[in-house]
Amino acid sequence: EVRYDFVDFLKGVGIFLVVWGHTMVPRSIYIYSFHMPLFFFLSGFLHKGKPIRQFIIGKINSLYIPYAVFTLLSWFFYLWRQLARKDHSGLSTHYYKLTSIVTGTADNGGNNPIWFLTCLLVVSCGFLLISQIKNAKFRPWVVLGVSLIGYLLSLTRINLFFNIDIACSAIVFYYLGFSVRRRNLLDYIDSVRRWVRVLALIPAIIAQLGAAYLNVTVAPIRWVNMAGNNLGNYFLFYTAACLGIFVYLVIGYWIQKIRLINFLGKNSLLILATHKPMLLLFNLYVGKFLDIQGKWHGLLATIVVLAVSIPLILLVNRWVPLLIGKKPVLKILE
């Protein structure tokens, strides 16, 4: 299997921003304007066309199985938290949240970042179906139409099983990632001089910041929240997200590899699935000695959680790789 160093690098940067973003109150308008679209873009870049049955089983192995496992583990973790706090009033509600294994909505008690796994499952399978359309010129219009459906669902606040509503909004980025790879558009980065890349980045960064902050000004939102399909203004959301992807893609393709960041990127699924409970434990047992509202608390918490994740990654990769989709559970059916 071909590995793209810059993809691992960008996943590493992205997962750092995800963890850091979850420590911020209020959430960062800048980070939230593009960080999840970046992950959908990278997933689209890596898209491989396979027979439908084989493709879906593969995605169940790599996305749904980890989702189900960490939903169950998260549910027990937050059940323990309620019992430890002797908070019995919410137990009946919490028991019901175990159904999120079936609904795919990540409503497991608090570890909601794993919504991305079921959403990506829907996005990738949906894109596979769109890619079956014989007239290639018609495909981008279908993707655009699906994104409009996602936006309408965001306005009506309708939430669907397996985050189908969010998937409709996210499929644009997956399609863009696939298109960049298929058309070899990254070759253009190699063809221009470094000073030209820098000059191209400056206006892109300015425009991205402008679109991101204008979005929360024009629309009645505090920040973009893809987990809730809360996007703000349709055009400003996609403009800010696409410009953010462009900026980091150029930088990431330029740098390619920093060993630690690439390591985190290769194992971003496990970090995504565990960092929220770890942040809670950090604040519970370490935060009491620190100023939780302090300027540097979030960055410190992020570094500690990522540091703790490293031995956890090594253990899981060695002993239970099926937890993170690196060993197929449904191998017999593929």
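No hydrogens, no waters, no symmetry mates; every other heavy atom, side chains included, goes into these values.
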Which class fits the ring pair [X] and [Y]: parallel under 30°, tilted 30 to 60°, perpendicular over 60°?
X	Y	value
His94	Trp75	parallel
Phe40	Trp115	tilted
Phe6	Tyr4	perpendicular

How many angstroms lie between [atom1] in [X] and [atom2] in [Y], if you round to the nearest 0.5 Å?
X	Y	atom1	atom2	answer
His22	Lys276	NE2	NZ	5.5 Å
Leu10	Ile251	CG	CD1	9.0 Å
Phe55	Lys59	CZ	NZ	4.5 Å
Phe235	Leu214	CZ	CG	13.5 Å
His47	Ser179	NE2	OG	11.0 Å
Leu279	Thr274	CG	OG1	9.5 Å

Examine distances only and state if a side-chain atom of [X] and a backbone atom of [Y] form a donor-acceptor pair shorter than 3.5 Å.
X	Y	result
Asn61	Lys327	no
Tyr174	Ala167	no
Arg157	Gly228	yes
Asn229	Gly150	yes
Asn163	Ile166	no
His275	Leu272	yes
Asp8	Gly265	no
Gln256	Tyr253	yes
Gln208	Leu243	no
Asn215	Ala211	no

Where [X] and [Y] come nearest, the two heavy atoms and their spacing:
X	Y	answer
Leu323	Phe70	O-CE1, 3.4 Å
Phe162	Thr105	N-CG2, 4.3 Å
Pro37	Ile245	O-CD1, 3.7 Å
Lys11	Leu46	NZ-CD1, 4.0 Å
Leu231	Met226	CD2-CG, 4.2 Å

Looking only at side-chain N and O atoms, does [Y] offer a donor or acceptor that is under 3.5 Å from a partner on [X]?
X	Y	result
Ser74	Asn111	yes
Asn112	Asp107	no
Lys326	Asn267	yes

Requested in this report: Check ring-ring contact (aromatic ring centres under 6.0 Å, His included) between Phe34 and all other residues, then give those that pass, not counting sequence neighbours.
Outcome: Tyr30, Tyr248
Check whether any side-chain heavy atom of [X] lies under 4.5 Å from a side-chain heavy atom of [Y], and answer yes or no.
X	Y	value
Phe127	Val142	no
Phe263	Leu314	yes
Val198	Trp254	yes
Thr71	Tyr67	yes
Asn159	Ile164	no
Leu306	Ile303	no
Val305	Ile271	no
Leu264	Val13	no

Report task. Under the side chain to side chain donor-acceptor pair (under 3.5 Å) rule, what do Tyr175 and Arg139 come out as? Steps first, then yes or no, please. Result -> CA-CA 9 Å; Tyr175 171 76; Arg139 294 172 194 165; over 6 Å; no
Check whether [X] and [Y] end up in the same hydrophobic cluster, where Ile, Leu, Val, Met, Phe, Trp and Tyr are linked by side-chain heavy atoms less than 4.5 Å apart.
X	Y	result
Leu260	Leu300	yes
Tyr96	Leu72	no
Leu281	Leu270	no
Leu199	Leu249	no
Leu144	Leu155	yes

Does [atom1] belonging to [X] count more than 12 external heavy atoms closer than 6.0 Å?
X	atom1	answer
Arg222	CZ	no
Arg193	CZ	no
Arg259	CZ	no
Trp80	CH2	yes

Requested in this report: Go through Ser147 and Tyr234 one step at a time and tell me if the side chain to side chain donor-acceptor pair (under 3.5 Å) criterion holds.
Outcome: CA-CA 9 Å; Ser147 75; Tyr234 179 87; 2.7 Å; yes
Query raised in the report: Yes or no on ring-ring contact (aromatic ring centres under 6.0 Å, His included) for Phe178 and Phe45, after CA distance, side-chain angles and deciding distance?
Result: CA-CA 4 Å; Phe178 173 79; Phe45 184 87; 9.7 Å; no
Query raised in the report: Please walk me through it: do Ile133 and Ile130 pass side chain to side chain contact (heavy atoms under 4.5 Å, CB included)?
Result: CA-CA 6 Å; Ile133 298 174; Ile130 293 175; 4.2 Å; yes
Requested in this report: Tell me, with the steps shown, if Asn108 and Ser100 meet side chain to side chain donor-acceptor pair (under 3.5 Å).
Outcome: CA-CA 6 Å; Asn108 50 49; Ser100 61; 5.2 Å; no
